[in-house]
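Heads up: the structure comes next, in structure tokens.
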Amino acid sequence: MAIGTGRQRHEHWTCRMAFFSSSAAAARLVVLSRAESTNDELAERARTDAPSEWPEFSVLITNEQTMGRGRLGRSWTAPPGTMLAISVLLRPMRAGIRDERAKGWIPLLAGLAMRNALTLLGADAELKWPNDVLIDGRKVCGILAEVQPDGVVVLGSGVNLTLTDDDLPVPTATSMLMAGAESDADVVLAAYLTELREVYGRFAAAGGDAEASGLRAAVAEACSTLGRTVRVQLPGAQDLVGVAAGLDGSGRLVVEASGRRTAVSAGDVTHLRY
């Protein structure tokens with residue numbers, strides 16, 4: 001890990017020792033004491049440095065992110081030291097994923113990997129389409145996948161580790177600590193990267209085919225959105241209320257309303273209780 005110059009001024013050696021297990025699961029691990037956005041930081045480094053310096057599954061993390069964001073430009077905040085912001089570099093084209101439609105599955109496979117990891121660590125975790133991981137209906141993690149001009153994907157996630165009731169940015173959030181599950185940053189990160197490698201590896205081996213790789217079935221099984229009545233706030237359109245009937249071949253949510261099925265690629269989803 002390079003230390004002490006320019007954009008790397010916040011890196012420090014002790015962090016690598018603190019993330020011993022995660023270092024073994026990453027092709028390269030960079031730990032920052034703080035960052036505005038780990039996605040932006042990793043994207044910039046991958047863009048300006050030689051590709052060999054940032055192989056697939058290079059990872060950049062911090063526990064203090066000052067300008068984190070989620071989908072639709074929303075902010076993602078937490079007190080310093082209570083969450084972990086994670087960005088993973090993927091190179092889908094080099095991995096054999098060439099179908100543009102396959103990229104719609106990348107945030108879903110990341111959510112599945114995070115859900116699997118948190119479940120293994122003692123949380124009753126579930127997916128909410130398209131990019132959230134919940135525990136008991138409350139958000140513990142958000143996913144943001146950003147495709148770069150050269151086709152590289154920066155896969156960001158923010159997972160709440162040690163937030164308490166007094167720390168919650170919104171009442172619908174939670175943390176691993178509050179759920180009574182493992183909340184050590186290295187343990188959580190190592191579990192996530194291990195699961196992500198397994199899920200992404202199967203997806204890539206199938207050429208980005210969600211059906212053949214088993215990804216579509218696995219996401220459907222883990223996704224609590226499916227089978228529920230939902231309200232989808234569509235960009236620039238009237239809300240769509242109906243039953244989340246399934247996922248199509250591109251990972252879009254299929255909503256059935258008034259006998260008609262609509263595939264939704266973007267929008268805020270609310271689980272309704274009737």
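Just the heavy atoms: all of them, side chains too, but no hydrogens, waters or symmetry mates, feed the values below. Along the sequence shown, residues are numbered consecutively beginning with 1.
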Tell me, please, which residues at least two apart from [X] pass side-chain contact (heavy atoms from CB on, under 4.5 Å).
{"X": "Ala257", "answer": "Leu240"}
{"X": "Asp166", "answer": "Thr164"}
{"X": "Thr194", "answer": "Ala25"}
{"X": "Arg98", "answer": "Met93"}

(message) Could you tell me if the side chain of Leu89 sits less than 4.5 Å from the side chain of Arg45, heavy atoms only?
(response)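 In short, these two side chains do not touch, never coming nearer than 4.5 Å.
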
Separation between [atom1] of [X] and [atom2] of [Y], rounded to the nearest 0.5 Å:
{"X": "Ser157", "Y": "Met114", "atom1": "OG", "atom2": "CE", "result": "4.0 Å"}
{"X": "Ile97", "Y": "Arg91", "atom1": "CD1", "atom2": "CZ", "result": "13.5 Å"}
{"X": "Arg28", "Y": "Leu60", "atom1": "CZ", "atom2": "CG", "result": "9.0 Å"}
{"X": "Thr262", "Y": "Arg252", "atom1": "OG1", "atom2": "CZ", "result": "10.0 Å"}
{"X": "Cys223", "Y": "Arg115", "atom1": "SG", "atom2": "CZ", "result": "10.5 Å"}
{"X": "Trp105", "Y": "Leu247", "atom1": "CH2", "atom2": "CG", "result": "5.0 Å"}

(message) According to salt bridge (charged side-chain N to carboxylate O under 4.0 Å, His left out), who are the partners of Arg101, at least two apart in sequence or on a separate chain?
(response)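 With neighbours one apart ignored, the set is Asp99.
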
Tell me whether [X] contacts the main-chain N or O of [Y] through its side chain, where contact means a donor paired with an acceptor under 3.5 Å.
{"X": "Gln148", "Y": "Glu146", "answer": "yes"}
{"X": "Thr62", "Y": "Leu32", "answer": "yes"}
{"X": "Asp186", "Y": "Ser21", "answer": "yes"}
{"X": "Trp129", "Y": "Gly251", "answer": "yes"}
{"X": "Lys128", "Y": "Val269", "answer": "yes"}
{"X": "Ser22", "Y": "Leu189", "answer": "no"}
{"X": "Ser175", "Y": "Leu163", "answer": "yes"}
{"X": "Ser87", "Y": "Leu155", "answer": "no"}
{"X": "Ser213", "Y": "Phe203", "answer": "no"}
{"X": "Arg34", "Y": "Thr66", "answer": "no"}

(message) Checking Val152 against Trp54 for the side chain to side chain contact (heavy atoms under 4.5 Å, CB included) test, could you report, in this order, the C-alpha distance in whole Å, the side-chain angles of both residues, the deciding distance, and whether it holds?
(response) CA-CA 11 Å; Val152 167; Trp54 298 98; over 6 Å; no

(request) If a pair satisfies ring pair (Phe, Tyr, Trp, His ring centres under 6.0 Å) and one of its residues is in residues 212-260, list it, with sequence neighbours excluded. (result)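 Every pair satisfying ring pair (Phe, Tyr, Trp, His ring centres under 6.0 Å) with a residue in residues 212-260: there are none.
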
(message) Working note: Val159 + Ile86, criterion side chain to side chain contact (heavy atoms under 4.5 Å, CB included); need CA distance, chi angles, decisive distance, verdict.
(response) CA-CA 8 Å; Val159 55; Ile86 307 161; 4.3 Å; yes

(request) Could you walk me through whether Asn116 and Glu198 pass side chain to side chain contact (heavy atoms under 4.5 Å, CB included), step by step? (result) CA-CA 11 Å; Asn116 291 348; Glu198 196 277 330; 5.9 Å; no

(request) Please say which of Ile135, Thr162, Leu84, Asn160 ends up in a side-chain contact (heavy atoms from CB on, under 4.5 Å) with Met176. (result)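 The side-chain contact (heavy atoms from CB on, under 4.5 Å) with Met176 is passed solely by Ile135 among Ile135, Thr162, Leu84, Asn160.
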
(request) Apply side chain to side chain contact (heavy atoms under 4.5 Å, CB included) to the pair Val230 and His271, showing each step before the final yes or no. (result) CA-CA 5 Å; Val230 298; His271 293 173; 4.1 Å; yes

